[in-house]
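In this text the structure is predicted, and so the values were computed from the model without any measurement. Labels below follow one simple rule: chain letters A, B, ... track the order of the sequence lines, proteins then strands, and each chain is numbered from 1.
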Amino acid sequence: MDSMQLVTPAIGLMFWTVLIFVLLVLVLKKFAWKPILNAVDERNNSITEALSSAKKAKAEMEQLSADNEKILNQARIERDSIIKEARAIKESTISEAKSKASLEAEKIILSAKEQISNEKMKAMIELKNEIADISIQMAEKIIKLELKDVKSQKKLIEQTLKNQMN
Amino acid sequence: MSSFSLGKIFLFATIFLASISNAFCNQENDSLSSLEKKAYDPVPDIMHHISDSHEWHFWGEGESAVTLSLPIILWTDNGLVGPFLSSKFHHNDNGQIVVIVDGHSLVKIHDKIYELNQGQKTAVFDESHHIKNGILPLDFSITKNVACMLIAFFLLLLFFIISGIKAKNNKTAPSGLLSFLEPLVLFVRDDIVKPNIGKNYKKYLPYLLTLFFFILMNNLLGLIPGSANVTGNIAITLVLSFITLIVTNFSGNKSYWGHIFNPPGVPLALMPIMIPIEIVGIFTKPFALMIRLFANITAGHIIVLSLVSLIFMAQSGLGDIAAWSLSPVAVVFVLFMDLIEVLVAFLQAYIFTLLTSLFIGLATVEEH
């Protein structure tokens, strides 16, 4: 009989169980499960957000460093090309200058030669004139001396002409 | 440290239970003093311990018993009677003391309150000790089980409302009580409810979380010596499984009812057999839940009490020396059983919640 009592549900106990349990569900739903689960979800969201933003930042960093590398490479290439250009310019300038200089030098030499020859000619002419003058003066003197008579005058003229002819 | 104190608690529990049983044993011996000494029968004591009661008995017998009187509320033909304290019966449990409340003559027999018929002054019994001149009014008393359930109710409110407030105010990592309870809540959500119900799980989560912690708290409170056997009471498991039945069937979709009233792939000739089987199946699932929780918790309590009773059986049958030498063995066994009962407390709360989730999941699954 006692054991039958064990499996016979009591009405009052059932009533109180329903009351307590339903009340518990309602109160805990509002004051416990909602805030606890919300807090957990919020934390989950913030963690995933933080992780994804970290990932993004990492990708950005990678992008940035790649960009840097690219810029650096470009700068290097540019520098090389500038140096090359400069070198070429330098070489061309030097060669140009060289050729110009040699041309100028040739010109100078040429004009110098010309001048020299001109001067030489001038000097020759001057010398000739001088010689002629001197000769005339000498001749004058000689003539003055020699041409005291007609005979000697004639002789001199002939001689001079002969010389001149030669 | 914690395991040590747990062990201490269980040791204390064992001694406590032993002292209670000792009291009963003495009473038994006193009442049998005129007869020759018989072997101690532990069954009445065990039954008393696992049954509900109108007073919360701690120790002692008769007038010297230390008990907590609980309010008695009755629903008679003339309306509500009470509440009045159970101490009015002066621990009498065989109908000797007649209490008159609001004109109703009441007696208590085997923890049942009978109302004597009009004009009757004393209870009259037949040969098999059944009352002849009384009827049973509906008993809405705050019994030991209700009181223990209320303690669990307030403890759960205390723990979880504090946690809720903490969770609301503190948006960083959980701390204190919340950091202990949150993993349990998440375990129920992520490992019990979510995988079994699927995407509609949110609607059922408050109910299932409350179910888990209600059963767990009552299981654990039941392990405290002197407390009530709440989840080992058929009325409570009946209510819990009845709520499962209602929730499951009210959330049942077209596919669920289709499987019951028009089982797919079943020949028409078999329908008269299959449909009743399916209908019975609606009730067997929660029925199994009811029996499982009740039987597990009650069985655990019976085993612990039986092991303690071994000492007194030895004493009555073999003498004091045998009882003393047996007691360390019994204590170790009881300690072992109590630890298993802690596991069972969690396990049964888990299984009840898991199966309820599973039934809801089966009732709401989309047709594929």
* When B:Phe213, B:Phe140, B:Phe294 are compared by non-hydrogen pairs under 4.5 Å with chain A, the top option -> B:Phe140
* Do the non-hydrogen side-chain atoms of A:Val40 and B:Arg189 ever get within less than 4.5 Å of each other? -> yes
* Asked: Given the options B:Thr298, B:Leu157, B:Thr143, which has more heavy-atom pairs under 4.5 Å with chain A than any of the others?
  -> B:Leu157
* Structure fact -> Okay, B:Val185 and chain A: the region with an atom under 4.5 Å from a heavy atom over there is side chain
* Asked: Side chain, backbone, both or neither: which part of B:Leu186 has an atom under 4.5 Å from a heavy atom of chain A?
  -> side chain
* Structure fact -> Honestly, the part of B:Ser163 sitting under 4.5 Å from a heavy atom of chain A is both
* Rounded distance (nearest 0.5 Å) linking atom NZ of A:Lys34 with atom NZ of B:Lys168 -> 9.5 Å
* **Segment of B:Ile236 engaging chain A (4.5 angstrom heavy-atom cut-off)** => both
* Is any residue of residues 9-32 of chain A within less than 4.5 Å of chain B by heavy atoms, and which ones? -> A:Pro9, A:Ala10, A:Ile11, A:Gly12, A:Leu13, A:Met14, A:Phe15, A:Trp16, A:Thr17, A:Val18, A:Ile20, A:Phe21, A:Leu23, A:Leu24, A:Val25, A:Val27, A:Leu28, A:Lys29, A:Phe31, A:Ala32
* Option from B:Val188, B:Leu208, B:Thr210 for which side chain to side chain contact (heavy atoms under 4.5 Å, CB included) with A:Trp33 holds -> B:Thr210
* To do: Check each atom of B:Phe242 against the heavy atoms of chain A and say whether the ones under 4.5 Å are side chain, backbone, both or neither.
  => neither
* Might you point out which heavy atoms bring B:Gly164 and A:Pro35 nearest each other, and give the distance in Å? => O-CB, 3.5 Å
* Which atoms of B:Phe159 come close to chain A, meaning under 4.5 Å heavy atom to heavy atom: side chain ones, backbone ones, both, or neither? -> neither
* Structure fact -> Residue from B:Leu205, B:Ile142, B:Leu138 scoring the most non-hydrogen pairs under 4.5 Å with chain A is B:Ile142
* Let me know if B:Thr237 has heavy atoms under 4.5 Å from chain A in its side chain, its backbone, both or neither. => neither
* State, with a plain yes or no, whether a side-chain heavy atom of A:Ile36 is found less than 4.5 Å away from one of B:Leu209. => no
* **Neighbour count >12 (heavy atoms, 6.0 Å) for atom CZ, B:Phe180** => no
* Report, as yes or no, whether the 6.0 Å neighbourhood of atom CZ on B:Phe287 holds more than 12 heavy atoms from other residues, nucleotides or ligands. => no
* Asked: For B:Leu150, is it the side chain, the backbone, both or neither that has a heavy atom under 4.5 Å from a heavy atom of chain A?
  -> both
* Asked: Which answer fits B:Leu211, side chain, backbone, both or neither, if we ask what part of it has an atom under 4.5 Å from a heavy atom of chain A?
  -> both
